[in-house]
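Comments concern the structure below.
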Amino acid sequence: MSVISDAWDYLTDPASWLGQYGVLREVAPGQWVLPRDSILALTIEHLGMSLGAVLAASALALPLGVWLGHLRRGGTTTVVVANVTRAMPTLALLTLFAASAIGFGNHAVVLAAAIFAFPPILTNAYTGMADVDADLREAALGQGLTRFQVATRVELPLAWPLIAAGLRTATVQTVATVPLAALVAGGGLGVIINTGLATQRYGQVLAGGLLVAALSLSVDWILGRLQVRLTPAPLRARARVSP
């Protein structure tokens, strides 16, 4: 049988989706975990790790980028920080975190993925705020608005399409990177690929890759629609052309 037919058989087998224990497994009275033998459970774990990484990156990168962009200062520092974090190999970070006190598993993966998600959120937040027309800012100040009101009521809505594009890019990149978690005893859909490699079931490897790609594209589509819907109507045309 070819690799493609093996992948098809794996994806169309109900046992692959539900596993031996279903979506949740009770390991002790009242204690439930996501088993790692079903696609559904691994997908939930994958999305949970991705969401945790993006939220952790956003908690720092978003306010920092908005603040620096509002001040129109720190552009060079923002670019340097973003480039340094982009240049760090994700697998090396995973290994270092796993070898530290953090230990192997999902926590190391979330931290490494958060660093990986940091640059697009920071740079887009900074650029979106800094690119707002200075005349609009001065006009708002002339109307008696405080600097905080100018930032939140004028600059932030105008910068939202670019900020949302950064969040969307970071999320999709994170979903596509989290499969590395399987290399440090983590979960997610990478377990399918890693198990397939270990057992030389290359159809399962292909199936795992297809699942990750499908999940990344689905997340991108959902965030794209959400980005447009949350954008003020006059700015929706700009949101539709944002990457």
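Throughout, residue positions are numbered sequentially from 1 according to the sequence presented. These numbers come from a predicted model, not from an experiment.
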Please report the closest heavy-atom contact between [X] and [Y], naming both atoms and the distance.
| X | Y | answer |
| --- | --- | --- |
| A114 | A57 | O-CB, 3.3 Å |
| V191 | R36 | CG1-O, 4.1 Å |
| G203 | D6 | CA-CB, 3.7 Å |
| L162 | N124 | O-ND2, 2.9 Å |
| T199 | T195 | OG1-O, 2.8 Å |
| A140 | V154 | CB-CG2, 3.9 Å |

* Say whether, by atom type as modelled, one donor and one acceptor occur between the side chain of S5 and the main chain of S2 under 3.5 angstrom. => yes

* Asked: Counting N and O atoms only, with roles assigned by atom type, does the side chain of Q204 sit under 3.5 Å from a partner on the main chain of G208, one being a donor and the other an acceptor?
  -> no

Cluster overlap [X] with [Y], hydrophobic side-chain contacts below 4.5 Å:
| X | Y | result |
| --- | --- | --- |
| L40 | V212 | yes |
| I193 | L210 | yes |
| L34 | W32 | yes |
| Y126 | L71 | yes |
| L197 | L206 | yes |

* Asked: With a cut-off of 6.0 Å (strictly less than), are more than 12 heavy atoms of other residues, nucleotides or ligands near CD of Q200?
  -> no

* Asked: In this structure, are over 12 heavy atoms from other groups packed under 6.0 Å from I4 atom CD1?
  -> no

Heavy-atom distance under 4.5 Å between the side chains of [X] and [Y], does that happen here?
| X | Y | value |
| --- | --- | --- |
| R72 | R137 | yes |
| R168 | T171 | no |
| L156 | I163 | yes |
| L47 | L215 | yes |
| L51 | L55 | yes |
| L167 | L223 | no |

Pairwise distance [atom1]([X]) to [atom2]([Y]) - rounded to 0.5 angstrom:
| X | Y | atom1 | atom2 | answer |
| --- | --- | --- | --- | --- |
| L189 | M49 | CG | CE | 8.5 Å |
| L211 | I39 | CG | CD1 | 5.0 Å |
| L111 | L96 | CG | CG | 12.0 Å |
| D220 | Q227 | CG | CD | 9.5 Å |
| I192 | H46 | CD1 | NE2 | 10.0 Å |

Only pairs under 3.5 Å count here: list side-chain donor-acceptor contacts from residues 172-186, not counting sequence neighbours, and write none if there are none.
residue	atom	partner	partner atom	Å
T174	OG1	A170	O	2.7
T177	OG1	Q173	O	2.7

Donor-acceptor contacts, no H, no angles, side chain residues 16-24, under 3.5 Å, sequence neighbours left out:
residue	atom	partner	partner atom	Å
S16	OG	Y10	O	2.8
W17	NE1	L11	O	2.6

* Asked: Which pairs pass salt bridge (Lys or Arg N to Asp or Glu O under 4.0 Å) with one or both residues in residues 197-212, sequence neighbours excluded?
  -> none

Under 3.5 Å, which donor-acceptor pairs link side chains of residues 58-70 to any protein atom two or more places apart or in another chain?
residue	atom	partner	partner atom	Å
S58	OG	V54	O	2.7
H70	ND1	E155	OE1	2.5

Scan the side chains in residues 101-110 for donor-acceptor partners under 3.5 Å anywhere in the protein, sequence neighbours excluded, and list what turns up.
residue	atom	partner	partner atom	Å
N106	OD1	G187	N	2.8
N106	ND2	E45	OE2	2.9

* Structure fact -> Which of I121, L122, I115 passes side chain to side chain contact (heavy atoms under 4.5 Å, CB included) with F118? Answer is L122

* **Connected hydrophobic set around V33, excluding itself, where side chains approach under 4.5 Å** => V27

